[in-house]
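Scope of the values below: all heavy atoms of this structure, side chains included, with no hydrogens, waters or symmetry mates. For reference, positions follow the sequence shown, starting with 1.
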Amino acid sequence: MTPILRPKGVINDWRRFKLESMEQENLSPAKKELLRQMSSPSRPKDDSRANLNRKMSVQEYELLKEEDEGCLKKYRRRCMQEMHDKLSFGPRFEGVHDLDSGEAFLEVIEKEHHSTVVVVHIFKIGVKGCEELNSCLDCLATEYPTVKFCRIDAVASGAAERFSDEFLPTLLVYKAGELLGNFLACTQHLNEEFFATDVEAFLNSYGLLPEKELPAVEDEEENDVE
């Protein structure tokens, strides 16, 4: 197995993380005490800096080797999330947002973060394809957390006359308040039976979706084990 290298300065952060998480683990009192010593080592007055940056003892290493595989995954996942947060300039979203009025529609278009892609589905209950498209967007919202997926009933939008049944379902795509895509009766571009991957491919054909995020570290490691 390839040894895990911990750059200078990271080991103390690892120790602190282990101390924070160990209360959730079924460790013996002796092991918990050792982990406390690892995370908050005693600091002799004459050599506090050297002690803080000391190398791992054999006892510490054996304990980490025995107990830390699961915790290490959590630590790596936290580090990756922190890195993502630093590199990400826009917010993240969960699920599809329901807009209940024309005012809410305008607000999400005008006030959303300038780097966020906003996809709005204008639908009407009973119109063919609308329910299926709503289900597809529910799936895509989990795949693209940096995209804000929204839906609004044509009647609630106050534009029922403009969006009559023959133009539904409609997909509108915005970014920084600018309309990037206007797809009336968008299901005419799809097969009779379509799925989330079909809607995704359609939007990607116009370059409207960002790249997908990498799978979580936990998922990758679980697949490696299998």
K.L.:
Using the test side-chain contact (heavy atoms from CB on, under 4.5 Å), find all partners of A104 that sit at least two apart in sequence or belong to another chain.
P.N.:
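With neighbours one apart ignored, the set is L99, D100, S101.
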K.L.:
Say you draw a straight line from OG1 of T146 to NZ of K212; how long is it, rounded to the nearest 0.5 Å?
P.N.:
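Here the interatomic distance stands at 12.0 Å.
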K.L.:
Mind checking whether L140 and L208 sit in one hydrophobic cluster, side chains of I, L, V, M, F, W, Y counted as touching below 4.5 Å?
P.N.:
yes
K.L.:
Run the side-chain donor-acceptor check on residues 148-155: report pairs under 3.5 Å with partners two or more places apart or on a different chain.
P.N.:
{"residue": "K148", "atom": "NZ", "partner": "E112", "partner atom": "OE1", "Å": "3.0"}
{"residue": "R151", "atom": "NE", "partner": "D98", "partner atom": "OD1", "Å": "2.7"}
{"residue": "R151", "atom": "NH1", "partner": "D138", "partner atom": "OD1", "Å": "3.2"}
{"residue": "D153", "atom": "OD1", "partner": "V155", "partner atom": "N", "Å": "2.8"}

K.L.:
Could you see if F105 belongs to whatever hydrophobic cluster contains L184? Use Ile, Leu, Val, Met, Phe, Trp, Tyr and a side-chain cutoff under 4.5 Å.
P.N.:
yes
K.L.:
How long is the span from the CG atom in D198 to the CG atom in L133, to the nearest 0.5 Å?
P.N.:
11.0 Å
K.L.:
Just to verify, what does K175 make a side-chain contact (heavy atoms from CB on, under 4.5 Å) with, not counting sequence neighbours?
P.N.:
V117, L180
K.L.:
For the residue pair T142 and P145, what are the closest heavy atoms and their distance?
P.N.:
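Heavy-atom minimum between the residues: O-CD, 4.1 Å.
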K.L.:
Does any pair with a residue in residues 117-148 pass ring-ring contact (aromatic ring centres under 6.0 Å, His included), and if so which ones, sequence neighbours excluded?
P.N.:
H121-F123
K.L.:
Considering only heavy atoms from C-beta outward, does the side chain of I122 approach that of P169 to under 4.5 Å?
P.N.:
no
K.L.:
Using the rule that Ile, Leu, Val, Met, Phe, Trp and Tyr join whenever any side-chain heavy atoms are under 4.5 Å apart, tell me whether L209 and V96 fall into a single cluster.
P.N.:
yes
K.L.:
Which atom pair, heavy atoms only, marks the closest approach of T170 to A185?
P.N.:
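In this case the closest contact between T170 and A185 is OG1-N, 3.9 Å.
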K.L.:
Can you list everything that forms a ring-ring contact (aromatic ring centres under 6.0 Å, His included) with F195? Sequence neighbours excluded, please.
P.N.:
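Not a single residue meets the ring-ring contact (aromatic ring centres under 6.0 Å, His included) criterion with F195.
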K.L.:
Sorted by first residue and then second, give each salt bridge (Lys or Arg N to Asp or Glu O under 4.0 Å) pair with at least one member in residues 116-136; sequence neighbours left out.
P.N.:
K124-D165, K128-E192
K.L.:
Nearest 0.5 Å please: distance from the CZ atom of F93 over to the NE2 atom of H113.
P.N.:
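The NE2 atom of H113 is 9.0 Å from CZ of F93, to the nearest 0.5 Å.
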K.L.:
Would you list the pairs meeting ring-ring contact (aromatic ring centres under 6.0 Å, His included) in which at least one residue belongs to residues 167-193, sequence neighbours left out?
P.N.:
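Sorted pair list: F183-F202, F183-Y206, H189-F202.
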K.L.:
State, yes or no, whether a side-chain contact exists between V127 and F163 at a heavy-atom distance under 4.5 Å.
P.N.:
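The answer is no; the side chains never approach within 4.5 Å.
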K.L.:
Same hydrophobic cluster for L190 and L137, using side-chain heavy-atom links shorter than 4.5 Å among ILVMFWY?
P.N.:
yes
K.L.:
Same cluster for L171 and V147 if Ile/Leu/Val/Met/Phe/Trp/Tyr side chains link at under 4.5 Å?
P.N.:
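Yes.
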K.L.:
Can you name the nearest heavy-atom pair linking C136 to A196, along with the distance?
P.N.:
SG-N, 3.4 Å
K.L.:
Is it the case that over 12 heavy atoms from other parts of the model lie below 6.0 angstrom from the CG atom of L179?
P.N.:
yes
K.L.:
Could you tell me the separation between the CD atom of E211 and the CG atom of N204, rounded to the nearest 0.5 Å?
P.N.:
9.5 Å
